[in-house]
Q: 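One structure is given below, represented as structure tokens, and several questions about it will come after.
The structure presented is a predicted model; accordingly, all values stated were derived computationally and were not measured.
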Amino acid sequence: MSKNIDINVHHITRVEGHGNIHVNVTNGTIEKCEWQVPEAPRFFEAMVRGRRWDDIQTIVSRICGICSITHSLAATKAVEDALGVEVSEQADKLRILMHYSEQLQSHVLHVGYLVAPDLFRAPSVVPLVSKATEAVKTIIRVHRVANRWSDLLAGRTTHPTTLIPGGLTQIPKAQQLRELQETLKATVADLITICEVVLSVADKFPAFERETEYVSLKLDNPPTYTFYHGDITSTDCNGEGPVPIQQWESVANEYVHPQSTAKWTKWHRDSYAVGALARFNNNAELLSPLGKKVADMFGLKKGNCNPFMNSVAQLAETAHVVETSIQLIDDLLTKGLKDEKVKVTPRAGRGSGCVEAPRGILFHTYEFDKDGNCVAANICIPTNQNHANIQKDFEKFVPEFMDRGQDELRLGLEMLVRSYDPCISCSTHMLNVEFVK
Amino acid sequence: MTKDTIVLGLGNPLMGDEGIGVKLIEILQSASGDFPGADFVDAGTGGMTLLHLLAGRRKAIIIDCAFMGEPPGTIRRFTPEEVRTVKELAHVSLHEVDILNVIALARQLGECPEEIVFFGIEPESIEQRMALSETLGGRLKEYTEAISGELAAR
């Protein structure tokens, strides 16, 4: 048994955002076991103050290059809530279709580019190409489909241009939706291939469980595996009704923890988790048949408390969003696409928007003056909601796995952080180079 | 139809000089009629999405804010072979992709443009604001001329 362990994974990106792992074990006694992260970019709240109601979604789309559609949707919904704007059924469905494209994009990227290298014991996806060429190509093919899908609905892959409070500035043509539908039908086989590849190495997911509170959206009317509508629920709610999204601050209960400059959150216990596994644990019975089939392939059942299974829940969701979108396109085409005019009258008000980002529930709240200028904003991102839970996982994981030695423990902790699919240092990414020629 | 050349502007306009790539694309787009063979794309901080934007092109011109050890405002043309990244990545997140890694992946997959040219612009300040520093903001003409020159020279 290793009596001494010293893990100090200290990565700093130039401007903001780093995730540090510190573990010290001396003579078999754990002296330090910490997940440390600085504040995520809350400054966006200051940036939207003074901006018009129809500028907000464009600005906040830059918070994150991976979840830009989700941030835009949350902001758009919050503005609509504040200004009392109704959205047509057609716009609502097209937005959901747009949102699904981002779930597929992000999940495939996460499982394929970050989790798969762990499972195949490759340092990153680049060397994985030679180890599992066809698997990587399949992942890239599906990611490409998801990107084109976003392009069609959101105007471009990242940082959408078609969203506006009240509706959409541009809608796809019927023929384009038909083509998308055919592409999605053809993508099902690739998704199953990806699932089979991950299943072949699923024994590399650490066998680790910790009883956890899982928080996500829930929609009862109609019962839906929801990413976009509904109220807030948790696995600890025990039959209590879901909490309206306008009251999200009473769910997140943000607080400052001395270990981190990022605010932590807690609801019924010391921490909670958000993300695909949270959605699954609250809504599994509502997955599409193909989503359920994928969960069954891995033996994933409601009530699972292994955080590494978040990646498997993401795979089930990729199948779900593709299958559900095929149906959604049928619904849209049957009703016929109409050009709709958007009319919004600014007024004073406060509103909230809540949607499921690929990595978990996301909250936006804005307040406007009578002219529709933003006077206050509050955003709570999923990654911040997971920090306390990652810490709690660390505290159980380290004693259980420290017998395996420093290198295995370090890899296990890194995989654990990755399994939460965190959003760290995404608002900047500039090149940092030195010249070799 | 996919055009022969793609000009990609990377960065975040909410982070001061980090947004220089996006700003230059905005300017170049307004003159895109002069370059019918090129697509101009504001790719933001899209990470792995770049892989798909590069696929099927003969040439890619990538404009980005870059720490190169030069005085702030300096624009420098270079190819991927001329540099190596000194960026530290935690590999815990999808959100910290390095474009040089994306190019390496594109090469491995056999779908990398045969020619890639970077225009790196040394920032003066990366901070939370929706405007460039005066140093970079005052040199936009010089930057667009350098990129237009590259496009004209093809």
Side-chain angles (χ1 to χ4, degrees), chain A residues 9 11-15 17-20 41 43-44 46-47 59 61-66 68 105-106 109-110 113-114 117 123-126 129-130 133 136-137 140 143-144 147-148 156-159 383 414 417-418 420-437, chain B residues 10-15 17-22 41-49 51-53 55 62 64-69 76 78-79 81-101 104-105 107-109 111 118 120 123 126-130:
Chain A
V9 184
H11 292 286
I12 300 177
T13 53
R14 192 65 179 254
V15 176
H18 55 253
N20 300 334
F43 57 85
F44 292 103
M47 266 180 192
I59 297 170
S61 85
R62 301 277 181 179
I63 291 176
C64 174
I66 311 288
S68 61
Q105 241 191 72
S106 182
L109 207 56
H110 181 245
Y113 295 174
L114 276 185
S124 80
V125 71
V126 179
V129 177
S130 48
T133 312
V136 174
K137 283 188 172 168
I140 287 167
H143 188 227
R144 191 158 293 170
N147 276 22
R148 289 188 180 147
R156 60 184 179 198
T157 310
T158 45
H159 314 307
T383 293
E414 288 185 349
V417 174
R418 278 193 278 272
Y420 281 88
D421 194 3
C423 173
I424 296 171
S425 73
C426 56
S427 67
T428 61
H429 78 294
M430 77 293 289
L431 283 163
N432 193 357
V433 296
E434 62 184 22
F435 287 87
V436 291
K437 283 187 186 171
Chain B
L10 309 186
N12 191 344
L14 304 189
M15 294 297 293
D17 288 346
E18 226 275 321
I20 184 67
V22 170
V41 177
D42 159 9
T45 51
M48 278 292 178
T49 292
L51 187 71
H52 309 300
L53 292 169
I62 299 169
D64 200 358
C65 168
F67 289 111
M68 304 173 289
R76 203 166 159 177
F78 55 91
T79 63
E81 295 72 30
E82 289 174 304
V83 293
R84 72 176 187 92
T85 186
V86 289
K87 195 165 164 180
E88 286 185 57
L89 296 179
H91 292 295
V92 295
S93 155
L94 292 175
H95 305 259
E96 38 164 15
V97 169
D98 189 298
I99 176 76
L100 293 167
N101 282 337
L105 183 59
R107 287 220 167 104
Q108 274 219 299
L109 293 163
E111 50 181 45
F118 277 94
I126 309 277
E127 59 182 341
Q128 300 144 18
R129 63 176 194 156
M130 292 173 71

Q: Restricting to non-hydrogen atoms, name the atom on A:Met47 and the atom on B:Met130 that form the minimum distance, rounded to 0.1 Å.
A: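 Taking A:Met47 first and B:Met130 second, the nearest heavy atoms are SD-CG, 4.1 Å.
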
Q: Quick one: ring pair (Phe, Tyr, Trp, His ring centres under 6.0 Å) partners of B:His52, sequence neighbours excluded?
A: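 Ring pair (Phe, Tyr, Trp, His ring centres under 6.0 Å) check on B:His52 returns A:His143.
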
Q: Using non-hydrogen atoms and a 4.5 Å limit, figure out which bit of B:Asp42 sits close to chain A: side chain, backbone, both or neither.
A: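 Both the backbone and the side chain of B:Asp42 come within 4.5 Å of chain A.
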
Q: Enter the distance from A:His159:NE2 to B:Asn12:CG here, rounded to the nearest 0.5 Å.
A: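 Between atom NE2 of A:His159 and atom CG of B:Asn12 there are 6.5 Å.
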
Q: Shortest non-hydrogen contact from B:Gly44 to A:Arg62?
A: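 Heavy atoms only, the tightest pair is CA-NH1, 3.6 Å.
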
Q: Does this structure show an ion pair linking A:Arg144 with B:Glu111, if we count only N-O contacts that are shorter than 4.0 Å?
A: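 Yes, charged N to carboxylate O under 4.0 Å.
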
Q: OG1/A:Thr133 to CG/B:Leu109 distance, rounded to the nearest 0.5 angstrom?
A: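 So the gap between those two atoms works out to 9.0 Å.
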
Q: Rounded to the nearest 0.5 Å, how far apart are CE of B:Met48 and CG of A:Asn147?
A: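 The distance works out to 11.5 Å.
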
Q: Look up atom OH in A:Tyr113 and atom CG in B:Leu51, then write down how far apart they are to the nearest 0.5 Å.
A: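 Here the rounded value is 5.0 Å.
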
Q: Under 4.5 Å heavy-atom distance to chain A, tell me which part of B:Val22 shows up: side chain, backbone, both or neither.
A: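 Contact with chain A: side chain only.
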
Q: Would you please name every residue forming a salt bridge (charged side-chain N to carboxylate O under 4.0 Å, His left out) with A:Arg148, sequence neighbours left out?
A: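 Salt bridge (charged side-chain N to carboxylate O under 4.0 Å, His left out) list for A:Arg148, sorted by chain: empty.
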
Q: Start with the C-alpha gap between A:Val136 and B:Gln108, add the side-chain angles, then the distance that decides, and say whether side-chain contact (heavy atoms from CB on, under 4.5 Å) holds.
A: CA-CA 11 Å; A:Val136 174; B:Gln108 274 219 299; over 6 Å; no

